[in-house]
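One structure below.
Chain letters run A, B, ... following the sequence lines, proteins first, then strands; residues in each count from 1.
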There are 2 protein chains.
Amino acid sequence: MSKQETEERVLAQLAEVVGCCSPLAREPLSAEQSGELARVFKAMGDPVRLRLLSLIASHAGGEACVCDLTDVFDLSGPTISHHLKVLREAGLITGERRGTWVYYRVRPELLARVATVLVPADPADGVVPAGREVLPVVEA
Amino acid sequence: MSKQETEERVLAQLAEVVGCCSPLAREPLSAEQSGELARVFKAMGDPVRLRLLSLIASHAGGEACVCDLTDVFDLSGPTISHHLKVLREAGLITGERRGTWVYYRVRPELLARVATVLVPADPADGVVPAGREVLPVVEA
DNA sequence: CGGTTGAATAGACGGCTGTCAAGGTAGACG
DNA sequence: CGTCTACCTTGACAGCCGTCTATTCAACCG
């Protein structure tokens, strides 16, 4: 089985999980929930911001200096700064000044929370199709 | 261990996965990839659309008539229609007319694809922290 | 056929957003 | 202190977005 076939298969399985058990599909989101979530999705709804997020997340040491980010894009400094601010206000990243430079790092908690809306996060909920079993949490 | 403690624990584990192994964190997204993804996130970046998506996904039979959706919101029909169109053009839902009514259903494949950006989808990639093991795909 | 109802389209309008140029602030270094 | 560098803030402006009303389309029913 090729790599691609594997990916397609896993994707189909994931789709099955999403379709039946994701919190999104289990019960309607409240106005409040959808408001909070939408804020995060909205922040990720821009190609530049998504790339910034990815650049920061994948950078060595888990953090990236603004100077590492500006060169990648054909955009002015203020524009990058603006996008970083949007990501920061959405809670997706944090910024810290150390000396001359400002370093950004992602907050995986928030990405995780978003992911739990799409795929079930609680093993206790248990409804997992064959082939994508999730083992229960092992007590410490 | 309470339900909430469990959730927090799982969330922390998920964050660990996202932080180290999600495609988003493994290597920077290309301009093209981020463009495609951003289109989907943008469509989900509105509270009304997110709620519509959730209402459709969680509705009995996996599909919902437009008439089921309009009453939930304090919005005009055309506005709902507009949001449904945005979701449709993002590939998140499909609409089908049967007689007088139009029924919408979600396309879990696309939600799954989005999810794979946040959490690793390929068991072959394997780097899964203890407590959240993913079994390999069983060959047919 | 004409009327009624469910849904989509067209057009308009206010507000938000992405972008830039200009100016401001914080730290490093003589 | 002055100046240089890295970054942010402000203000402006074009374009997009969410919302509405009015209109159109599609299907059912007398």
Show me the side-chain donor-acceptor pairs of residues 39-47 of chain B shorter than 3.5 Å, one per line, residues at least two apart or across chains.
| unit_1 | atom_1 | unit_2 | atom_2 | d |
| --- | --- | --- | --- | --- |
| R39(B) | NH2 | E89(B) | O | 3.4 |
| D46(B) | OD1 | V48(B) | N | 2.8 |
| D46(B) | OD1 | R49(B) | N | 3.3 |

Let me check something: do [X] and [Y] share a hydrophobic cluster, defined by ILVMFWY side-chain heavy atoms less than 4.5 Å apart, either directly or through other members?
{"X": "V106(B)", "Y": "L110(B)", "value": "yes"}
{"X": "W101(A)", "Y": "L87(A)", "value": "no"}
{"X": "V117(B)", "Y": "L118(A)", "value": "yes"}
{"X": "L53(B)", "Y": "V102(B)", "value": "yes"}
{"X": "I56(B)", "Y": "Y103(B)", "value": "no"}

How long is the straight-line distance from [atom2] of [Y] back to [atom1] of [X], given to the nearest 0.5 Å?
{"X": "L84(A)", "Y": "L92(A)", "atom1": "CG", "atom2": "CG", "value": "11.5 Å"}
{"X": "H83(A)", "Y": "R51(A)", "atom1": "NE2", "atom2": "CZ", "value": "12.0 Å"}
{"X": "L75(A)", "Y": "S81(A)", "atom1": "CG", "atom2": "OG", "value": "12.0 Å"}

**Request:** Taking all non-hydrogen atoms of both residues into account, name the closest pair between L37(A) and L50(B) and its distance.
**Result:**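 That would be CB-CD2, 3.4 Å.
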
**Prompt:** So does T100(B) get a side-chain nitrogen or oxygen closer than 4.0 Å to the phosphate oxygens (OP1/OP2) of dA27(D)?
**Reply:**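 T100(B) to dA27(D) OP1/OP2: no side-chain N or O under 4.0 Å.
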
Check nucleotides 19-26 of chain D for protein N or O atoms closer than 3.5 Å to its own N or O atoms and list the pairs.
| unit_1 | atom_1 | unit_2 | atom_2 | d |
| --- | --- | --- | --- | --- |
| dT19(D) | OP2 | H83(B) | NE2 | 2.3 |
| dC20(D) | OP2 | S76(B) | N | 2.9 |
| dC20(D) | OP2 | S76(B) | OG | 3.0 |
| dC20(D) | OP2 | T79(B) | OG1 | 2.7 |

**Asked** Does the side chain of L24(B) reach to within under 4.5 Å of the side chain of L29(B), using non-hydrogen atoms?
**Response**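 Heavy-atom side-chain distance check passes, below 4.5 Å.
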
**Message:** Would you say that L55(A) contacts H59(A) through its side chain, given a criterion of any heavy-atom pair below 4.5 Å between the two side chains?
**Reply:**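 No. Closest side-chain heavy atoms not under 4.5 Å.
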
**Prompt:** Can you list every pair that meets salt bridge (Lys or Arg N to Asp or Glu O under 4.0 Å) and has a residue in residues 58-77 of chain A, with sequence neighbours left out?
**Reply:**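 Counting only pairs at least two positions apart or across chains, the salt bridge (Lys or Arg N to Asp or Glu O under 4.0 Å) contacts touching residues 58-77 of chain A are E63(A)-R98(A), E63(A)-R105(A).
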
**Message:** Using a 4.0 Å cut-off on heavy atoms, which residues in residues 33-41 of chain B reach DNA chain C? List them by number, or say none.
**Reply:**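 Within residues 33-41 of chain B, no residue comes under 4.0 Å of DNA chain C.
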
**Request:** Would you grab the first and last nucleotide of DNA chain C (5' to 3') that comes under 4.0 Å of any non-hydrogen atom in chain A?
**Result:**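 Taking any atom under 4.0 Å from a heavy atom of chain A, the span is dT17(C) to dA28(C).
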
**Message:** Any base atoms under 4.0 Å from R49(B), or only sugar-phosphate, or nothing? Heavy atoms, all strands.
**Reply:**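 It contacts sugar-phosphate atoms only.
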
**Request:** Would you indicate what Y104(A) reaches in the nucleic acid, counting non-hydrogen atoms under 4.0 angstrom: base, sugar-phosphate, or nothing?
**Result:**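 Result for Y104(A) = sugar-phosphate.
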
**Asked** Which angle, to the nearest 10 degrees, lies between the helix axes at the two ends of the helix from dC1(C)-dG30(D) to dG30(C)-dC1(D), each defined by five pairs?
**Response**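 Between the axes fitted at each end of the helix from dC1(C)-dG30(D) to dG30(C)-dC1(D) lies an angle of 10°.
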
